[in-house]
Participant: 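Attaching a single structure in structure tokens format; questions to follow.
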Amino acid sequence: MNSILDRIRSRQARVGIIGLGYVGLPLAVEFAHAGFDVTGFDVDEGKTSQINAGKSYIPDVAEARLAECVGAGKLRATTDMTQLAAMDAVDICVPTPLRKTKDPDLSYVVRAVEAVAASLKAGQLIILESTTYPGTTDEVVQPMLEAGGLRADADFFLAFSPERVDPGNQQFTTKNIPKIVGGVGPASNDAAAALYSQVVSTVVPVSSTRVAEMVKLLENTFRAVNIGLVNEIAQMCHKLDIDVWEVIDAAKTKPFGFMPFYPGPGLGGHCIPIDPFYLSWKARQSGFECRFIELAGHVNGAMPEYVVERVVDALNDSRKAVNGSRIHIFGVAYKRDVNDMRESPALDIIELLIRRGAAISYSDPYVPVLKEGAHTLEAVPEAEALQRRPDCVVLCTDHSSFDWKALVSSGVPIVDTRNALRTFSAPNIVRLSGRVGAPVPTPV
Ligand SMILES: NC(=O)c1ccc[n+]([C@@H]2O[C@H](COP(=O)([O-])OP(=O)(O)OC[C@H]3O[C@@H](n4cnc5c(N)ncnc54)[C@H](O)[C@@H]3O)[C@@H](O)[C@H]2O)c1
């Protein structure tokens, strides 16, 4: 035990990160920047060779910082899993998607743990970071690692520490987001807390891996349910002819007991649309139905259809049908200023519009090429797209580089799913909810 703690505290510990995506790469750079000797492991050779060439493919990871770590010999990447044997600590950051049936797909975790188990040594610290259901670390990972005869919390150390990074968030990053740590026992807890305290400002130890796993799922379920609620309120406000964003802005002036969530075209990314179903799946194994999760999933999952209804309204005003219309999408990434397309609601909206006979084009500075089903589209610069006078624009993602003034003054009907055009009042703006171009009174 002392040996791993000493190696961590003196920053001599060799750190391995398995899975160099949105979570793993920022973490690897953080450890390397703090002086640790870091090896990144990934099955994708394209990613490992970009890292070794000092190139960043994650917008949140500054290329200069990455190149500095690689140049200083503190960070390298490989597809060779046998090198895991040389690591003192290993962080597993591989994907945890859902199967088509909405059941957890732990196959990436299992493959990564198999690689770790193949060369597990006494004294190693293994941490799972991938979001997963409570029980994964002690029911799935621990038996796989102990199969070779070493005992967790005695011979080696095992913990779960959820990643809470929010891609694109400039204020909160890997370094200053408090890190939850739960070990399979006290020694594992201490080792994992010692490791993270070298690179993150606050470590929050909890009593078990299950609590740590549950914390992450509570956080993301809280978001999914509240977004579901506000999406339903947005649809209700539309019927009542009330501007839902004005309501939220006023409600959030209450200094306690209210937290603003905003409606939109639907959930996206690798977390909020997926993680709550890990929890409901696990609860179902114990005969418990998570009604809030199912309901929020239902409301949020129906938002792309609701957006298409708004498009139908917008076209109807110009006596047009969706069938045969040229519809241009502004922003296809799942949220502002990121290039992540996973579960993006824009994909569903595009699919629904194509099925109704629309011809689709799009602009997105972060996504040069888009594959949706059988269709492959190339991004069109926004000015060129507006010159072509589409029948309707659907604003799906509010990237900060978009020129809203040019969009509004083009006169093309715009369905604004993000309230990005809140400061404009023009007849060509169709809001997701509420009156068209409702003027907002100036505060007295
Ligand atoms: N993206 C986010 O915002 C975010 C935030 C918090 C938590 N998480 C969680 O973190 C985990 C990772 O998410 P991500 O967004 O970084 O995923 P990602 O797809 O961006 O990266 C995962 C990486 O793992 C690699 N990989 C897959 N199987 C592997 C294996 N067997 N061995 C080595 N490498 C392998 C992939 O090639 C990929 O590069 C998920 O559980 C996710 O839910 C993600």
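First listed ligand is number 1; within each ligand, the first listed atom is number 1.
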Participant: Report the nearest protein non-hydrogen atom to atom 9 (C) of ligand 1: residue, atom name, distance rounded to 0.1 Å.
Facilitator: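 Here the closest protein heavy atom is Thr131 OG1, 3.4 Å.
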Participant: Going by the order shown, which atoms of ligand 1 are within less than 4.0 Å of some heavy atom of Lys216?
Facilitator: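 With Lys216 as reference, the close atoms of ligand 1 come out as 6 (C), 7 (C).
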Participant: Within the side chain of Ser10, is there an N or O that forms a donor-acceptor pair under 3.5 Å with the backbone of Asp6?
Facilitator: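 Yes.
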Participant: Evaluate the ring planes of Phe330 and Trp404, with Trp represented by its six-membered ring, and classify them as parallel (under 30°), tilted (30 to 60°) or perpendicular (over 60°).
Facilitator: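 Plane angle between 30° and 60°, so tilted.
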Participant: Within the structure, does Arg111 bring an N/O atom to less than 3.5 angstrom of an N/O atom in ligand 1?
Facilitator: no
Participant: Judged by atom type as modelled, is there a donor-acceptor pair below 3.5 Å linking the side chain of Arg76 to the main-chain atoms of Gly73?
Facilitator: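 Yes: the side chain of Arg76 pairs with the backbone of Gly73.
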Participant: Check side chain to side chain contact (heavy atoms under 4.5 Å, CB included) between Val247 and all other residues, then give those that pass, not counting sequence neighbours.
Facilitator: Ile242
Participant: Sequence neighbours left out, what pairs pass side-chain hydrogen bond (donor to acceptor under 3.5 Å, both in side chains) with at least one residue falling in residues 47-61?
Facilitator: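 Sorted result for residues 47-61: empty, none.
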Participant: Check ligand 1 against Ile18 and write out every atom of the ligand that is under 4.0 Å from a heavy-atom position of the residue.
Facilitator: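 What qualifies from ligand 1 is 32 (N), 33 (C).
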Participant: Quick one: does Glu129 get an N or O within less than 3.5 Å of an N or O on ligand 1?
Facilitator: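 Such a contact does not occur with ligand 1.
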Participant: Can you tell me which residue and heavy atom of the protein come closest to atom 4 (C) of ligand 1, and the distance to 0.1 Å?
Facilitator: Cys271 SG, 3.4 Å
Participant: Give the contacting part of Lys335 toward ligand 1: side chain, backbone, both or neither, where contact means a heavy-atom distance below 4.0 Å.
Facilitator: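 Neither part.
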Participant: Could you tell me whether Asp340 and ligand 1 have an N or O pair separated by under 3.5 Å?
Facilitator: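 There is no such contact.
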Participant: Can you find a non-hydrogen atom of Pro167 under 4.0 Å from ligand 1?
Facilitator: yes
Participant: Is Asp42 close to ligand 1, meaning an N/O of one under 3.5 Å from an N/O of the other?
Facilitator: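 Yes - when backbone and side-chain N and O of Asp42 are compared with those of ligand 1, one distance drops under 3.5 Å.
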Participant: Any N/O of Lys47 closer than 3.5 Å to an N/O of ligand 1?
Facilitator: yes
Participant: For atom 10 (O) of ligand 1, what is the closest protein heavy atom, and at what distance to 0.1 Å?
Facilitator: Val23 CG2, 3.4 Å
Participant: Could you tell me whether Glu163 and ligand 1 have an N or O pair separated by under 3.5 Å?
Facilitator: no
Participant: Which heavy atom of the protein is the closest neighbour of atom 29 (C) of ligand 1, given with residue, atom name and distance?
Facilitator: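 Going by distance alone, atom 29 (C) of ligand 1 is nearest to Val94 CG1, 3.6 Å.
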Participant: From atom 41 (O) of ligand 1, work out which of Val110, Ile17, Thr96 has a heavy atom at the shortest distance.
Facilitator: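 Residue with the shortest heavy-atom distance to the ligand atom: Thr96.
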Participant: Against the six-membered ring of Tyr306, is Arg310 placed for a cation-pi contact (under 6.0 Å from the centre, within 45° of the normal)?
Facilitator: yes
